[in-house]
Asks: 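I'd like to ask some things about the structure below.
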There are 2 protein chains.
Amino acid sequence: MSGTTNIDRRSARRQETVAEIVAAAWELAREEGLTGLALRDLGARVGMKAQSLYSYFSSKHEIYDAMFLEGYLAFAEMVETTSAEEAGNGDPDALLRRAARGFVAFCTSDPARYQLLFHRTVPGFEPSPESWAVALAAYERSRQSLSTAGIDDQASFDLWTALVTGLAGQQIANDPGGDRWEQLVDPAVDMFRVHLRETANAEGEKA
Amino acid sequence: MSGTTNIDRRSARRQETVAEIVAAAWELAREEGLTGLALRDLGARVGMKAQSLYSYFSSKHEIYDAMFLEGYLAFAEMVETTSAEEAGNGDPDALLRRAARGFVAFCTSDPARYQLLFHRTVPGFEPSPESWAVALAAYERSRQSLSTAGIDDQASFDLWTALVTGLAGQQIANDPGGDRWEQLVDPAVDMFRVHLRETANAEGEKA
DNA sequence: GTCTATAATCTGATAGAC
DNA sequence: GTCTATCAGATTATAGAC
């Protein structure tokens with residue numbers, strides 16, 4: 001009787017614990033720096049010995065991988081929110097502004113996450129194919145959303161990502177907690193919009 | 001007889017060794033990652049026991065500090081080269097292009113250095129006041145140089161640094177060894193130039 | 001699934017001989 | 001100034017009892 005249910009319960013409990021561990025890992029990464037994360041501290045934070053973590057993850061890199069995955073799930077959610085039709089009643093300029101603000105806020109709200117997702121900073125760590133797939137899907141979703149705002153070629157999108165990661169990076173590195181670069185998000189979007197218009201014109205002239 | 005000379009010789013020899021250690025530290029940082037640098041490996045690389053490094057540096061952070069300092073000296077040199085009058089016969093647009101290309105090449109040629117100089121990625125490390133002074137001077141020199149190309153307010157310069165560090169960061173993280181974002185440097189400069197023209201117009205209209 | 005015990009190694013750093 | 005010796009502790013990770 002109810003063998004499956006017990007298994008479900010057990011795996012649900014397990015997933016809870018896994019999630020708790022990953023949450024604690026993020027906490028520690030924020031406090032100690034991404035590469036300062038230590039399994040001893042992590043175990044202590046969730047009320048376990050460090051060794052017990054190996055019941056849930058087979059290596060430290062696997063924990064980083066779970067963090068990476070979770071980070072990109074949060075990224076995807078942010079993309080979805082800023083892309084929402086209702087939020088901007090179809091105005092492409094408003095969409096661009098929302099996307100840029102959302103992205104920079106996403107980054108500055110968690111510098112450790114910004115580091116893990118957008119820079120290769122943990123020695124030896126490489127995301128698993130599964131996590132990469134999620135990252136890529138989120139990236140594609142973002143690209144698709146912004147294509148409706150006029151960013152419809154790869155080069156423009158690459159320039160866009162450089163611009164927004166650059167704003168976030170400068171804010172985090174040189175004015176943590178402040179808004180010196182966050183203030184520049186709207187001007188940067190204006191600048192980028194002119195660029196879009198000009199490249200569109202150039203295409204038109206060629207035709 | 002030549003007591004001072006002996007001291008000079010000795011301190012010169014010492015400086016040579018210090019420079020050798022820092023050079024080896026950069027090598028290792030490039031190979032193992034900036035935070036993967038270990039004193040044992042560093043000692044081995046220069047033909048010493050790790051403990052002997054303490055004759056030259058009193059802590060690991062002090063080595064990072066020397067790397068930081070050296071990095072900003074190289075940065076200053078790059079700024080000087082790209083700012084050179086001769087290199088662009090006074091054409092402000094050419095200066096902007098040279099500055100951007102020079103900066104991105106400076107970053108991509110050494111990702112570990114990019115990380116140390118422009119992101120806070122080593123847990124617990126903070127540059128000494130002396131090193132900060134050099135960094136700040138190089139920053140100011142860059143700002144001064146680019147002010148002759150029309151970047152004459154802080155906000156525009158901040159936007160500029162976000163743009164070029166962003167291009168470099170994306171190149172390093174997502175296409176190491178390639179040129180996907182490096183190709184976008186000139187288009188990015190064009191985009192930025194239009195921004196400069198527009199903000200200048202806006203200022204003019206206010207007056 | 002968590003523990004103890006511990007392996008095996010690496011960490012940065014110090015003391016003191018030469 | 002470099003060495004040996006070593007500290008004191010951290011690190012990730014495994015084996016096996018409960």
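Order of the sequence lines fixes the chain letters, A, B, ..., with proteins taken first and strands second; residue numbering starts at 1 for each chain. Worth knowing before you read on, the calculation uses all heavy atoms, side chains too, and leaves out hydrogens, waters and symmetry mates.
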Asks: Expressed in angstrom and rounded to an integer, what is the separation of A:L42 atom CG from D:dA13 atom C1'?
Replies: 14 Å

Asks: Does any residue of residues 26-41 of chain B have a heavy atom under 4.0 Å from DNA chain D, and if so, which ones, in number order?
Replies: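 None, since no heavy atom is under 4.0 Å.
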
Asks: Using a strict cut-off of less than 4.0 Å between a Lys/Arg side-chain nitrogen and an Asp/Glu carboxylate oxygen, indicate whether B:E27 and B:R30 qualify as a salt bridge.
Replies: no

Asks: Less than 6.0 Å separating the ring centroids of A:F118 and A:F103?
Replies: yes

Asks: Just how far, in rounded Å, is C1' of C:dG12 from CZ of B:F125?
Replies: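 Nearest whole value for this atom pair: 16 Å.
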
Asks: Tell me every residue that passes side chain to side chain donor-acceptor pair (under 3.5 Å) with A:Y139, counting only those two or more places apart in sequence or in another chain.
Replies: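 Applying side chain to side chain donor-acceptor pair (under 3.5 Å) to A:Y139 gives A:Q154, B:R180.
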
Asks: Just by modelled atom types, is the A:P127 backbone N or O under 3.5 Å from a matching donor or acceptor in the A:S131 side chain?
Replies: no

Asks: My understanding is that only residues two or more places apart in sequence, or in another chain, count here; which of them pass side-chain contact (heavy atoms from CB on, under 4.5 Å) with B:S59?
Replies: B:H61, B:E62

Asks: Residues in side chain to side chain donor-acceptor pair (under 3.5 Å) with A:E198, at least two apart?
Replies: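 Applying side chain to side chain donor-acceptor pair (under 3.5 Å) to A:E198 gives none.
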
Asks: Mind checking if B:S58 touches a base, just sugar-phosphate, or nothing, with heavy atoms under 4.0 Å?
Replies: nothing

Asks: What are the atom names and distances for every N/O pair under 3.5 Å that joins the protein to nucleotides 1-4 of chain C?
Replies:
unit_1 : atom_1 : unit_2 : atom_2 : d
C:dT2  : OP1    : A:Y56  : OH     : 3.2
C:dT2  : OP2    : A:Y56  : OH     : 2.4
C:dC3  : OP2    : A:K49  : N      : 2.9
C:dC3  : OP2    : A:S52  : OG     : 2.9

Asks: Can you sort out the partners of B:T161 under side chain to side chain donor-acceptor pair (under 3.5 Å), two or more places apart, ordered by chain and number?
Replies: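 Result, side chain to side chain donor-acceptor pair (under 3.5 Å) vs B:T161: A:Q170.
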
Asks: Figure out the OH/P separation between B:Y54 and C:dA15, and round it to whole Å.
Replies: 12 Å

Asks: Taking the side chain from B:S142 and the backbone from B:A138, do they hold a donor-acceptor pair closer than 3.5 Å?
Replies: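 Flag not set: sc B:S142 to bb B:A138 has no pair under 3.5 Å.
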
Asks: Rounding to an integer number of Å, can you tell me how far A:F57 CZ sits from D:dT14 C1'?
Replies: 18 Å

